[in-house]
**Q** 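Have a look at this one before I ask anything.
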Amino acid sequence: MKLADLATGSDWIVWIVFAIFAVLSITLLSGHGSWFISGYNTATKEEKEKYDEKKLCRTMGIGMSIIAILALIMGLLENILPAFFVYIALGIILIDVVVIIILGNTLCRK
């Protein structure tokens with residue numbers, strides 16, 4: 001069974017997800033867009049001073065680009081990839097989110 005056999009809806013949803021994550025990752029990788037980071041955008045000035053904003057944005061941007069690349073792979077190769085790739089992608093996304101949280105709270109502190 002291929003990944004395309006599992007799809008019951010439109011293919012454009014995958015492309016919209018890819019576009020959203022690609023725009024977010026480009027914005028964050030450029031060092032801007034800290035207002036997209038939940039918790040950081042609502043933090044007080046004293047809390048924000050504890051973090052290196054550029055490192056935090058780049059860390060989040062790398063994590064978002066991993067998710068965008070996975071969506072791109074799933075969109076382009078849906079007729080080739082086996083159906084269990086969904087579980088592999090979900091595992092990668094889960095690991096990615098955990099690594100983002102850990103790095104955001106350790107590496108990105110001043």
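This one's a predicted model, so the numbers in the text were calculated from it and none came from an experiment.
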**Q** Under 4.5 Å between side-chain heavy atoms, chaining through other members, with only Ile, Leu, Val, Met, Phe, Trp and Tyr counted: pull out the rest of the cluster around Leu94, sorted by chain and number.
**A** none
**Q** Ile92 and side chain to side chain contact (heavy atoms under 4.5 Å, CB included): which partner among Leu90, Ile95, Ile88?
**A** Ile88
**Q** Show which side-chain atoms of residues 67-87 pair as donor or acceptor with protein atoms under 3.5 Å away, not counting sequence neighbours.
**A**
none

**Q** State which residues pass salt bridge (charged side-chain N to carboxylate O under 4.0 Å, His left out) with Glu49; sequence neighbours excluded, sorted by chain then number.
**A** none
**Q** My understanding is that only residues two or more places apart in sequence, or in another chain, count here; which of them pass side-chain hydrogen bond (donor to acceptor under 3.5 Å, both in side chains) with Trp12?
**A** Ser10
**Q** Is it true that Trp15 and Phe21 fall in one hydrophobic cluster, defined by side-chain heavy atoms closer than 4.5 Å?
**A** yes
**Q** Same hydrophobic cluster for Val99 and Leu24, using side-chain heavy-atom links shorter than 4.5 Å among ILVMFWY?
**A** no
**Q** I need the single residue from Leu28, Leu29, Ile26, Ile20 that forms a side chain to side chain contact (heavy atoms under 4.5 Å, CB included) with Met64. Which is it?
**A** Leu28
**Q** Return the NZ to CG distance between Lys48 and Leu56, rounded to the nearest 0.5 Å.
**A** 11.0 Å
**Q** Taking the side chain as every heavy atom from C-beta outward, state whether Asn41 and Ile37 have any atom pair closer than 4.5 Å.
**A** no
**Q** Do Val97 and Ile101 have side chains that approach each other closer than 4.5 Å (heavy atoms only, starting at C-beta)?
**A** yes
**Q** Mind listing the closest non-hydrogen atom pair of Leu103 and Thr59 along with its distance?
**A** CB-CG2, 3.8 Å
**Q** Among residues two or more places apart or on two chains, list those pairs meeting side-chain hydrogen bond (donor to acceptor under 3.5 Å, both in side chains) that have a residue in residues 16-34.
**A** Ser30-His32, Ser34-Glu53
**Q** Go through the structure and list residues passing salt bridge (charged side-chain N to carboxylate O under 4.0 Å, His left out) with Lys45, not counting sequence neighbours.
**A** none
**Q** Quick check for you: to the nearest 0.5 Å, what is the distance between Ile66 atom CD1 and Ile93 atom CD1?
**A** 10.0 Å
